[in-house]
Amino acid sequence: MITIPAPQYKRMEDNFMLQALQFSPEPTAIYAEENMIIQFANKGMLALWGKDASVVGKPLLEAIPELIDQPFLSILQTVWNTSQSYAVTGAPAELIHDGIRKIGYYDYEYKAILSENGETRCILNTAREVTSEKEYLQSLNEREKTEKLLKEQMSMTLENLNAKNQDLLASMMLLSESREHVRTIIEQAPVGIAMLKGPEHVIEIANHAILQIWGREGSDVIGLPHRIARPELKGQPVYDWLDKVYSSGVRKTNKEFAVSLYHEGGLRKAIVNSIYQPIFSGEGEVTGVLVILEDITEQVIARRENEKDQHMLALAIDAGQLATFYYEPATNLFSGNQLLHAWFGLRSRGQIDLSQALEVIIDDDRQRVVAAINHALSAESTGEYAIEYRIKAPQEANARLVQATGQVLYDSRGNAVSLNGTLRDITEQKKDEQRKDDFIGMVSHELKTPLTSLKAYLQLMQRGIVLSEDYDPKNALDKSLRQVGTMTMMINGFLNISRLDAGKMVLNRNYFNFKTLFSELQEEMSHMIQSHQVIFELSENIDLYADREKISLVIHNLVGNAIKYSPVGSSVVLSYSAADNNIFNVRVSDEGMGIGMEDQHKIFDRYYRVESAKMGSISGFGIGLYLCREIMELHKGSIVVECSGEKGTTFKLTLPLQYQPE
């Protein structure tokens, strides 16, 4: 057994303590004397300052001259003279990184380390940058950048903890303080640190931070083997990791490790970052394990909640078919999601210059969009952005109308940082609105015509004016009734469309004799229609299970269309027949202008009307055939058109003869 002299053993433990601070995931520095000589700075603190290890051993202001006009030296000297520690959160500091002076925000503490006689021996400085956290709530995109920065900082911290032992030893040689000095620093360090000795991993040192994570008091664990002091870890991999680190001399690092920890007599689920560092003697033998522990449960839960929110937001954006955009006025760079790039015909998935996106906007709208963007970014604006404009990508045949809404995001000084928002394709919506406007105008015009005629006939009858010897009041009354019938059919058509939209059109189906209905229609139309020859081809008696009133409405619509689009004096033929497979057919044929092949698959769409020179001034709403199709489908039947596209048209109705279970 080799015995290490006491001074050598003391220096070895000092090195172990400083090694612990060097591996701390928090930026840490130690200052001595009133002019604040930097005696120690781990890599986290050097990275925070934007300096390298050459600053160690220099006065603070000589090492970091950009702090001259800032209050840090004054605060440190006050801590040194009064032995009163100082802590602050979210404080600003200007530091130089890569040659650029930047303002950042930090949580930091100046901890006065006291000697046995109560005098200040040194000052322990721990710090954490919180700049990203302060800017977190400013925007969704800033949140993503903050998360990325936090992840990078966490990765950087762990990478710093895994730095080469040679660099660590070179820095540790700068300190020659006593073992008790290092022990005091470890105990007051904000990161959890424990030293385990020997193959049994006897807990020799456990600072306050790690005891809080473990859920233990120092008197419960100090001097006990780790397995005995912490039985709650049974069945978890920590025991095996410690044994392996001790036997192999290889460091073990864990990121976001889920573990069950002791808590008030039970267990709690926690997420930690941990490092198990072998401790070597002067002869290179492993004598213990240094444990560095950081409880990141709250941070990880918050990040995962944010990731969940981001995922839900992405799902909502996809479901709503929204294109998202992000514009940085400082760089004039423009970017967005995949849908935005597809709409604008942009190949690049990254950022592009705004001018490339503006080129896709229709010429007549481009200046309006530029003006709207400039206004939103201006100082007098509230930052709101809302505009509709047209875009046409090179590969698209038609222009697309989009509705853009967004909001400007500002930095802490009120400067516009970005314009973020969404685009919604409203092309079809605008077409629907235009069709509705056209439909309302057409309804107003069409109803006005029979109403004007009806008013004239009624005025004539009211005044008893006889225009000629052949004047017959009954004839005027008949004409008035026909105009009332025309308006009634129009209004009923609108009401039926409304019921269809509301899902309230109900069929009143019963068995009835179709030949009887056919005869009634023949008698009715023979009195009403004088301009055309309407031929009813009566056939056998057939009992049909259907809504008698709505089947009559369909036939009225088809005959009305046939007369409207056929020359005066031509024939309209109606026939019906029953097939062997429980199918019933009705045909309505005319000698009219026919329907083009390109229109035949559209004529049953709502509001669709054939655009043709042959149509002339023939008016209509485009709802008759749509209503016929809906009624036939409610009956589990169908309606088709048979036409060569040149002259004459036949509409064929098909219905089940008997009751069809739902």
Side-chain angles (χ1 to χ4, degrees), residues 442 445-446 449-450 453 475 478-490 492-493 514-515 517-539 550-577 584-605 607-629 631-632 638-655:
M442 188 167 51
H445 174 75
E446 292 294 327
T449 301
S453 299
N475 183 41
D478 289 341
K479 291 179 179 179
S480 298
L481 289 173
R482 281 199 294 272
Q483 297 300 329
V484 171
T486 299
M487 287 193 295
T488 300
M489 289 183 64
M490 291 180 184
N492 284 338
F514 187 80
K515 184 176 181 181
L517 173 62
F518 214 54
S519 299
E520 291 174 0
L521 292 172
Q522 181 180 20
E523 181 179 358
E524 179 184 346
M525 292 182 186
S526 65
H527 293 293
M528 292 178 57
I529 301 172
Q530 306 298 324
S531 59
H532 292 69
Q533 184 179 6
V534 183
I535 302 170
F536 285 79
E537 297 181 350
L538 293 175
S539 184
K550 291 185 174 58
I551 296 299
S552 175
L553 174 62
V554 171
I555 295 174
H556 267 290
N557 272 333
L558 294 179
V559 173
N561 275 355
I563 291 172
K564 185 186 296 185
Y565 299 109
S566 299
V568 175
S570 62
S571 299
V572 178
V573 180
L574 289 82
S575 63
Y576 66 91
S577 62
F584 178 73
N585 297 317
V586 179
R587 283 183 169 82
V588 179
S589 303
D590 63 52
E591 299 174 338
M593 62 183 68
I595 301 172
M597 301 300 293
E598 68 278 6
D599 295 310
Q600 290 183 17
H601 68 288
K602 301 178 182 178
I603 59 173
F604 297 106
D605 294 345
Y607 307 137
Y608 183 80
R609 299 186 69 242
V610 176
E611 300 293 338
S612 170
K614 296 186 294 182
M615 294 285 292
S617 60
I618 298 174
S619 61
F621 299 111
I623 63 171
L625 290 177
Y626 167 75
L627 183 60
C628 291
R629 184 191 67 182
I631 291 174
M632 295 307 297
S638 64
I639 178 172
V640 296
V641 60
E642 298 173 351
C643 179
S644 64
E646 296 179 358
K647 184 177 180 181
T649 302
T650 297
F651 284 91
K652 177 183 174 183
L653 307 178
T654 301
L655 288 161

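Because the structure is a prediction, the values reported are computed rather than measured.
Put simply, the side chain of L521 reaches to within 4.5 Å of the side chain of H556, judged on heavy atoms. Within the 4.5 Å cutoff, the side chain of T650 has no heavy atoms near those of the V641 side chain. Side-chain contact between R629 and I631 is absent, with no heavy atoms from C-beta onward closer than 4.5 Å. Looking at V586 and S575, their side chains never come closer than 4.5 Å, going by heavy atoms from C-beta outward. Between S570 and D590 the shortest side-chain heavy-atom distance does not fall below 4.5 Å. L653 is not listed as a side-chain neighbour of R587, based on a closest heavy-atom distance of 4.5 Å or more. For the pair N557/L625, no side-chain contact is recorded, criterion being any heavy-atom separation below 4.5 Å from C-beta on. Using a 4.5 Å heavy-atom threshold, the side chains of S566 and H532 count as touching.
Applying the salt bridge (Lys or Arg N to Asp or Glu O under 4.0 Å) criterion to E537, with sequence neighbours excluded, gives no partner residue.
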*Go through V559 and N561 one step at a time and tell me if the side-chain contact (heavy atoms from CB on, under 4.5 Å) criterion holds.*
CA-CA 5 Å; V559 173; N561 275 355; over 6 Å; no
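The minimum heavy-atom distance linking E523 with S526 is given by the pair O-OG, 2.7 Å. Contact detail for G592 and P567: the closest heavy-atom pair is CA-CD, 4.0 Å. The shortest non-hydrogen separation linking I639 to C628 is CD1-CB, 4.1 Å. Here the closest heavy-atom approach between residue M632 and residue S638 is recorded as CE-O, 3.5 Å. When all heavy atoms are compared, the tightest approach of S552 to L517 is CB-CD1, 4.1 Å.
Within a 6.0 Å sphere centred on CD of E520, other residues, nucleotides and ligands contribute more than 12 heavy atoms.
Atom NZ of K550 sits about 9.5 Å away from atom CG of L627, to the nearest 0.5 Å. With rounding to the nearest 0.5 angstrom, the CZ atom of F514 is 10.0 Å from the OG atom of S577. Taken to the nearest 0.5 Å, the OH atom of Y576 stands 10.5 Å off from the CD1 atom of I555.
In this structure, F518 and F536 have perpendicular ring planes: the angle between them is above 60°, well past the 30° mark.
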